[in-house]
Amino acid sequence: MKILGIDIGGSAVKGAPVDTQTGRLLAERFRIETPTRLTPRAMARTVAAVVAHFKWRGPVGIGFPGVVEGSTIRTAANLHPGFIGLDGAKLFRAATGRRVSLINDADAAGLAELRFGAGRRRKGTVLVLTLGTGVGSALFCDGIRWPNSELGHLPYKGRSFEKFVSAAVRKRKGLTWEEWVRRLNLYLHTVETVLWPGLIIIGGGVSSKHEKFFSLLRTRAHIVPAQMGNAAGIVGAALSGAEK
Ligand code: BGC
């Protein structure tokens, strides 16, 4: 199947048509920066611009950075609060005129890694963490996904852990890799204490810089960088569209 995958992020909206059999992008990614928090209406226009860029007539799968229950958006930690309670599929369908499915962005990246990337054919508990503007998580047991696992919001010092360990925080605070990894190790230890994954896959933009920090990571689980790079969110969003 050919589905247009769109990844809504904290700082940009990216999309590309995807062959869901192979996980390959069928055209170069198209990216629109979103430097300010877009309202739902403005975001819908941005998504429609991605659809128009590819002159896309088929179905669209969208990864959204918040809890998505059915197609209802329940949280939007790093986006405009106006999304909360909206039917996301309806919002984006109205703006694009296409059949639209919606999934949490980290769940999408996780689907792509388990199908085509670092988690291929892996049994047992596999955790995919995306480190970007926030911290996303996708949890699988024997290939079955636990939806909306939201482990970036485990509490730490009265706030969400993502406020200490995301890739955005590293940049904003000017942390060295060593300083940031000290935080990340604490986070990973907390996650491992409760979930005991056998494999942890680190995704998000920083995964392409894995040689800078992977040797400093201390986990019980085997830990590897994501293999799908910055296409994971797009490919996974398309995969979830194919499932529905
Ligand atoms: C959101 C998650 C999302 C993650 C990465 C978190 O703040 O709550 O739903 O997956 O950011 O975008």
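Note: hydrogens, waters and symmetry copies are ignored here, and every other heavy atom, side chains too, is used.
- Within a 6.0 Å radius of CZ in R220, other residues, nucleotides and ligands contribute more than 12 heavy atoms.
- The shortest distance between side-chain heavy atoms of H189 and T193 falls below 4.5 Å.
- For residues 12-39, the side chain to side chain donor-acceptor pair (under 3.5 Å) pairs, not counting sequence neighbours, are R31-E33.
- Contact between L79 and G9 at its shortest, heavy atoms only, is CD2-O, 3.8 Å.
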Side-chain donor-acceptor pairs of residues 129-136 under 3.5 Å, sequence neighbours excluded:
from: T130; atom 1: OG1; to: G136; atom 2: N; distance (Å): 3.3

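- Here the straight-line distance linking atom CD1 of I6 with atom CD1 of I32 works out to 9.0 Å at 0.5 Å rounding.
- Looking at R159, its side chain never comes within 3.5 Å of a backbone N or O of F164 through a donor-acceptor pair.
- Counting all heavy atoms, side chain and backbone alike, G88 lies closest to I73 at CA-CD1, 3.9 Å.
- In terms of the side chain to side chain contact (heavy atoms under 4.5 Å, CB included) criterion, residue partners of R172 (sequence neighbours excluded) are, by chain and number, A168, V169.
- Nearest heavy atom pair, residue L216 against residue N185, reads O-ND2, 3.1 Å.
- The ring of F64 has its center closer than 6.0 angstrom to the ring center of F83.
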Practice task
Kindly determine whether W180 and F213 satisfy ring pair (Phe, Tyr, Trp, His ring centres under 6.0 Å), including the steps that lead there.
Solution key: CA-CA 9 Å; W180 179 66; F213 66 96; 5.1 Å; yes
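- Side chain of R115 to main chain of L111: no donor-acceptor pair is present (N/O by atom type, distance under 3.5 Å, no hydrogens or angles).
- Remark: the backbone N or O of W146 is not paired with any side-chain donor or acceptor of S149 at under 3.5 angstrom.
- Distance alone, capped at 3.5 Å, is enough to place a donor-acceptor pair between the T46 side chain and the A42 backbone.
- In this structure, the side chains of H222 and I200 stay at 4.5 Å or more apart for every pair of heavy atoms.
- Side-chain contact between D107 and P147: present, with at least one pair of heavy atoms (C-beta onward) separated by less than 4.5 Å.
- The structure places CG of L154 at 8.5 Å from OG of S160, a figure rounded to the nearest 0.5 Å.
- Of the inter-residue distances, the one linking T96 atom OG1 with R45 atom CZ reads 14.5 Å to the nearest 0.5 angstrom.
- Closest heavy-atom contact between A232 and A112: O-CB, 3.4 Å.
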Practice task
Take S71 and D87 through the side-chain hydrogen bond (donor to acceptor under 3.5 Å, both in side chains) test and state the conclusion after the steps.
Solution key: CA-CA 6 Å; S71 60; D87 181 326; 2.9 Å; yes
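- A distance-only check finds no donor-acceptor pair linking the side chain of N148 to the backbone of N104 [under 3.5 Å].
- Residues satisfying the side chain to side chain donor-acceptor pair (under 3.5 Å) criterion with D7, sequence neighbours excluded, are absent altogether.
- Relative to the ring axis of W177, R170 places its NZ or CZ within 45° and under 6.0 Å from the centre.
- You'll find the side chain of V68 stays beyond 4.5 Å of the side chain of I103, heavy atoms only.
- Proximity of a side-chain donor or acceptor of S208 to a complementary backbone N or O of G205 within less than 3.5 Å is detected.
- Going from atom CD1 of I201 over to atom CG of L114 covers 5.5 Å, rounded to the nearest 0.5 Å.
- Residues E179 and T176 come closest through the heavy atom pair OE1-N, 2.8 Å.
- Between the side chain of R98 and the backbone N or O of A95, no donor-acceptor pair lies under 3.5 Å.
- The backbone N or O of E113 lies less than 3.5 Å from no partner atom in the side chain of Q227, so there is not a single donor-acceptor pair.
- Under the salt bridge (charged side-chain N to carboxylate O under 4.0 Å, His left out) criterion, R122 pairs with no residue at all, not counting sequence neighbours.
- Annotation for A106 and S137: closest pair CB-N, 3.3 Å, computed over non-hydrogen atoms.
- Remark: P81 pairs with no residue by the side chain to side chain contact (heavy atoms under 4.5 Å, CB included) rule, at least two apart or across chains.
- To the nearest 0.5 Å, atom CZ of residue F214 and atom OG1 of residue T219 are 8.5 Å apart.
- Put simply, CG on L4 and CD1 on I62 are 8.5 Å apart, with the number rounded to the nearest 0.5 Å.
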